[in-house]
Number of protein chains: 2
Amino acid sequence: MAVLDNSTSPISPARLEAQPLYVKARNIMVDRLISGQWRPGQMLPSEFAIAAELGVSQGTVRKALDDMTAEGLVVRRQGRGTFVAEAEDNSILFRFYRLTPDGHQNSSSRPTFPESKYLSRSEGVATQQERDIFNLQANDRVWRFQRLRSNEDGPILWEQLVLPSRYFGDFSKQTQLPNNVYQFYSTNYGIIVAKVNEQLKAVSAPDDVAEMLHLPKSAPLLEIDRRAIALNDRVVEWRRSLCRSDTMHYRNELK
Amino acid sequence: MAVLDNSTSPISPARLEAQPLYVKARNIMVDRLISGQWRPGQMLPSEFAIAAELGVSQGTVRKALDDMTAEGLVVRRQGRGTFVAEAEDNSILFRFYRLTPDGHQNSSSRPTFPESKYLSRSEGVATQQERDIFNLQANDRVWRFQRLRSNEDGPILWEQLVLPSRYFGDFSKQTQLPNNVYQFYSTNYGIIVAKVNEQLKAVSAPDDVAEMLHLPKSAPLLEIDRRAIALNDRVVEWRRSLCRSDTMHYRNELK
DNA sequence: AAGTGGTCTAGACCACTGC
DNA sequence: CAGTGGTCTAGACCACTTT
């Protein structure tokens, strides 16, 4: 069955949004990721099978899948197949994690992924700022988690996570959030984080955070304000991290 | 004339590095950028012309050029041609510039590119650290420039640039470095910056920098340690910036 | 109209994986 | 061995820019 058709029917009204077939094919496949029809870890049909279903050539499907690979949505393995990306895939753990101990210049030597100790959690009505960030209604509620993250050398950062109750439901039965929360969102709620926007600042450590990180009062900390954006372009997590900057740094490669 | 040939000659020794044709084609074209045979702003031959010269199909050249487009090395304009990227191209000004005034959430509204005031400059023997960074010999020399950069609201950052004399020759006749130094490297020395590696930290402002930025002593500043890497994979510039963090932030989108 | 890049197709062959 | 993705080709047609 040919789902896609770019032919210009003489009866059809003015085509408001003409898109290349490979863009349409990508969007159809992304919709299947969003809807959960294709779940993380699952193998996709072969290029030829998808091409036949959509009524396009295999080369067009390939281009769409190449784009989705570049977006980190799928993983392709020669000889095996194409798979929906999982949060724990191949150092995708480190896709959004840029904090590195000083001295780890080589990008080859991966830093360790820090463990989390949850300090507290609460649920309440969203503040005005939270409503703006998540695009929530007046009485919508959010969950807030505070945690301290440590590597083998000790505590490295304190952070607060804010999650809209509307997307995640009730956490009150949830004894703990796991360390890798993006994998948790994916497997438990079908929410796939596609990208994150971060804003970095230097701030003076609040007294309580300085104490938790074993730093002197007012020590300069790296503040990372992150909004995680799901496949459907909604902000699904707001995270504010305060990271020690005397032994750690944030690495970034711009091309 | 067919430059590329993937045929397996029965006489040839073990092929140590089998690469796809499009990778070889890319490398040949990058070499022409490095050598200056193709200079910034210049139009490349058409896909068919390159394909004929290299002895491959037009589709293979297209894939190589697509990769180079993704690397920011060339710019393709439908109906016009393919051009070597220039430092001033289409907001490539902002490719390596991530500092944004607070409140500029929308990536659509570009921040202004800050003006530079050069404070001092000097030339001398490279320190051990500089020799390590640039991979220099014992008696190699470097130029060091200090400058203060401001936008319409006042000074926003102080930074020092270090450049190996070996790559850039003599700056003593040079009255000033321009504001956009990467364009300057490209047009005057044929050095094309392909990527930059940055390390971010939070630090306390030194007294002199605090004064220049009109900030209280020990104010927290964002420190950006940047190494600029040219097409030939050599580090060609080391830059250390101290940026005010009360009215500015560093934005980053991770996919 | 001529020349460029952008899209799309159909088909061939190779490389890798798992049965 | 069959099935998958990876590479490469040849050719058609479209969209855009310039002359």
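These values consider heavy atoms only, across backbone and side chains, with no hydrogens, waters or symmetry-generated copies. Naming convention: chains lettered A, B, ... in sequence-line order (proteins, then strands); numbering from 1 in each chain.
- A cation-pi arrangement is absent between B/Arg239 and B/Phe145, since the terminal nitrogen or guanidinium carbon is not both under 6.0 Å from the aromatic centre and inside a 45° cone about the axis.
- In this structure, CG of A/Asp67 is placed 11 Å from P of C/dC8, rounded to the nearest angstrom.
- If you measure from atom CG of A/Leu21 to atom P of D/dA15, you get 12 Å, rounded to the nearest angstrom.
- The side chain of A/Ser46 places no N or O atom within less than 4.0 Å of a non-bridging phosphate oxygen (OP1 or OP2) of D/dG3.
- If you find the closest nucleotide of DNA chain C to A/Gln78 and to A/Gln58, the one lying nearer the 5' end belongs to A/Gln58.
- Not one side-chain nitrogen or oxygen of B/Thr60 sits closer than 4.0 Å to the OP1 or OP2 atom of D/dT7.
- Between the P atom of C/dG3 and the CG atom of B/Leu44 lies a distance of 19 Å, rounded to the nearest Å.
- Rounded to whole Å, the distance from CG on A/Leu54 to P on C/dC8 is 12 Å.
- Note: NZ (A/Lys24) to P (C/dT7) measures 13 Å, nearest angstrom.
- Aromatic rings of A/Tyr167 and A/Tyr185 (six-membered ring for Trp) have centroids beyond the 6.0 Å cut-off, not under it.
- A/Leu200 CG to A/Tyr250 OH: the interatomic distance, rounded to the nearest 0.5 Å, is 5.0 Å.
- What separates CZ of B/Arg80 from C1' of C/dT4 is a distance of 11 Å, to the nearest Å.
- Atom-to-atom, CZ of B/Phe83 to P of D/dT17 comes out at 12 Å; the value is rounded to the nearest Å.
- Looking at B/Asp225 and B/Lys201, no side-chain N of the basic residue comes within less than 4.0 Å of a carboxylate O on the acidic one, giving no salt bridge.
- Judged by the 6.0 Å distance and 45° axis criteria, A/Arg149 is positioned over the aromatic ring of A/Phe113.
- As rounded to whole Å, 13 Å separates atom P of C/dG5 from atom CE of B/Met68.
- B/Tyr22 has no side-chain polar atom (N or O) that falls below the 4.0 Å cut-off from OP1 or OP2 of D/dC8.
- Between A/Gly79 and A/Arg62, the residue anchored nearer the 5' end of DNA chain D, judged by the nucleotide with its closest heavy atom, is A/Gly79.
- Regarding contacts with the backbone of C/dC8, every side-chain N or O of A/Ser57 stays at 4.0 angstrom or more from both OP1 and OP2.
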